[in-house]
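Just below is one structure, and these are the notes that go with it.
Start at 1 and go down the list; that is how both ligands and their atoms are numbered.
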Amino acid sequence: MILDEVLSFILKNIKSPPKQETVSVKELCGRILANSLKSNLSIPPFDNSQVDGYAVNSEHFVMNVPITVSQRITAGSNPFELEHSSAARIFTGAPIPRNSDAVVMQEDVEILNEKVLFKSRIYSGQNVRKKGADLRENQIFFHKGRLLSAADVGMCASVGLKEFQVFEKLKIGVFSSGDELKQPGEKLSAGQIYDSNRPMILSLVKSLGLKTLDMGCLPDDLVQTTQLLYEASKKVDIILTCGGVSVGEEDHIKDAVEKLGSIKLWKIKIKPGKPFAFGFIGKTAFMGMPGNPVSAWVTFALLCRPFIIKSAGGSHFSPQPLTIESDFEWNKSNDRQEFLRGKVNNDGKLELFNNQNSQILSSICFSEGLIEIPIKTFVSKGDKLNYYPFSMIA
Ligand code: AMP
Ligand code: MG
């Protein structure tokens, strides 16, 4: 299976959204809406001035003649109707008085004996922010399943809503695996390496705003792996592992999941990422990423992330690629769909990072996106390819 097929297969296994809870506007950022939101009022709620200046009626307006200033309108005040042939001193955000339809910036007027003199022409609607320009009354402005950003929180606050129904945060447990792994700070012996995947995957999950549980490192031992995965399945909604899902004798994770539950999918036609595994232990979903750091990162970004977002109640989960011209040639025909690391260069074309080995994590650090090469495809300069900017997938 290639990306679209794997995604549609794993996403179909999501049965029901999480439970809901109520949160205040202060706790809203990064949460997923469980209800669509409707505005009970127009935003802005009234026509108001965009500048500090003078409110006038454009039909009665005269240039270069001193005009009386009949009232002073500050933000938060309630003005009375504009007297005929007068202007109102007005400040940014203050309501436009009835019988006026334009505001002249204070920089564009002259003051003569407490009267105001307009030096240029005006038009109706000038410097007026219209009622409802941002949101109309009764407009549904955010749909169920939206992951709320900081600007979204501002929007929610602007309509005066105080409490919101959101989905409860899922618990995601992350394991690394392998007897060769030491933790940062520990001393390395011969043949050992530091565990880079677990902190990396934990960080990727944290950026989704969910509860992350660091489950430690699984040893290369079937009995212990089975026990630790069983215990984890009682604590979390989704278990993520990296390493130990390939075909070697020291890869025990897939066997352990099969003992405890079921493996629904194993091995995919994606490079990097071939040994990716997916299954369930009871109701807890299991996603086994490969151990090579780039493979772990890529399978997390393309597969685990959409699965986690949809499981968490989110509606925007599928990665959407851009189509961009290649500035490189690719002559290696492959029987897997490849996701190369690269970026858009100064000519606006796709360029590859110089090392595409799946162990070279710097290929992620110093790239800006994944470039998709379809199965059995040679690429010439100028060919259009799918590009997944990291900002959209991680
Ligand atoms: P495995 O799939 O367990 O055979 O791992 C494949 C490769 O990835 C091996 O070279 C491992 O040492 C390496 N690897 C596995 N897990 C990690 C990890 N958590 N951090 C860094 N490298 C890892
Ligand atoms: Mg291993």
Side-chain angles (χ1 to χ4, degrees), residues 1 6 172-207 212-229 232 236 238-260 263 265-279 281 286-305 308 336 338-341 353 355-367 370 394:
M1 285 193 214
V6 183
I172 318 288
V174 179
F175 283 104
S176 50
S177 78
D179 290 344
E180 75 279 27
L181 300 179
K182 283 278 180 182
Q183 297 314 307
E186 290 177 356
K187 201 168 175 309
L188 283 187
S189 303
Q192 296 182 325
I193 57 168
Y194 287 117
D195 181 349
S196 53
N197 287 350
R198 186 147 46 95
M200 177 176 77
I201 301 296
L202 281 166
S203 305
L204 285 164
V205 179
K206 270 191 196 136
S207 71
T212 47
L213 274 80
D214 182 347
M215 308 302 289
C217 184
L218 295 166
D220 289 329
D221 173 89
L222 180 60
V223 175
Q224 290 183 64
T225 296
T226 309
Q227 180 62 27
L228 288 164
L229 288 177
V236 301
I238 300 174
I239 296 174
L240 303 179
T241 65
C242 30
V245 280
S246 199
V247 290
E249 291 102 81
E250 297 300 338
D251 295 322
H252 301 292
I253 294 180
K254 184 179 140 279
D255 291 349
V257 175
E258 266 170 341
K259 277 185 163 205
L260 297 166
I263 288 286
L265 171 79
W266 182 48
K267 287 192 181 166
I268 56 178
K269 278 190 176 277
I270 293 178
K271 184 180 179 182
K274 186 175 172 186
F276 178 83
F278 170 76
I281 301 174
F286 157 79
M287 307 187 95
M289 292 167 276
N292 278 318
V294 176
S295 317
W297 195 98
V298 169
T299 48
F300 180 89
L302 295 178
L303 302 173
C304 301
R305 185 176 186 273
I308 292 170
R336 285 189 279 159
E338 290 210 43
F339 289 91
L340 305 171
R341 278 68 67 204
F353 186 75
N355 189 333
Q356 294 292 329
N357 190 300
S358 61
Q359 279 208 311
I360 304 298
L361 194 51
S362 47
S363 73
I364 300 279
C365 300
F366 301 120
S367 292
L370 295 178

Exercise. Start with the C-alpha distance between F175 and I253, add both sets of side-chain angles, then the distance that settles side-chain contact (heavy atoms from CB on, under 4.5 Å), and finish with yes or no.
Key: CA-CA 11 Å; F175 283 104; I253 294 180; over 6 Å; no

Taking [X] for its side chain and [Y] for its backbone only, find out whether a donor-acceptor pair lies under 3.5 Å.
{"X": "N197", "Y": "S176", "result": "no"}
{"X": "T241", "Y": "V174", "result": "no"}
{"X": "R336", "Y": "K269", "result": "no"}
{"X": "N355", "Y": "S363", "result": "no"}
{"X": "D220", "Y": "D179", "result": "yes"}
{"X": "W297", "Y": "M200", "result": "no"}
{"X": "T299", "Y": "A296", "result": "yes"}
{"X": "N357", "Y": "Q359", "result": "yes"}
{"X": "D221", "Y": "Q224", "result": "yes"}

Looking at ligand 1, does [X] have a heavy atom less than 4.0 Å from it?
{"X": "S177", "value": "yes"}
{"X": "S196", "value": "yes"}
{"X": "E250", "value": "no"}
{"X": "P290", "value": "no"}

Return the closest protein heavy atom for [atom] as residue, atom name and distance.
{"atom": "atom 11 (C) of ligand 1", "answer": "E180 OE2, 3.1 Å"}
{"atom": "atom 22 (N) of ligand 1", "answer": "I193 CD1, 3.5 Å"}
{"atom": "atom 3 (O) of ligand 1", "answer": "G244 N, 2.9 Å"}
{"atom": "atom 10 (O) of ligand 1", "answer": "Q359 NE2, 3.2 Å"}
{"atom": "atom 19 (N) of ligand 1", "answer": "D195 OD1, 2.9 Å"}
{"atom": "atom 7 (C) of ligand 1", "answer": "N292 OD1, 3.3 Å"}

The option among G291, G178, G243 carrying the non-hydrogen atom nearest to atom 13 (C) of ligand 1 is G291

Nearest heavy atom to atom 16 (N) of ligand 1, choosing from L361, N197, D251, belongs to N197

So for L181 against ligand 1, with non-hydrogen atoms under 4.0 Å, the contacting part is side chain

For Y194, the atoms of ligand 1 under 4.0 Å from one of its heavy atoms are 20 (N), 21 (C)

For S176, the ligand 1 atoms with a heavy-atom partner under 4.0 Å come out as 19 (N)

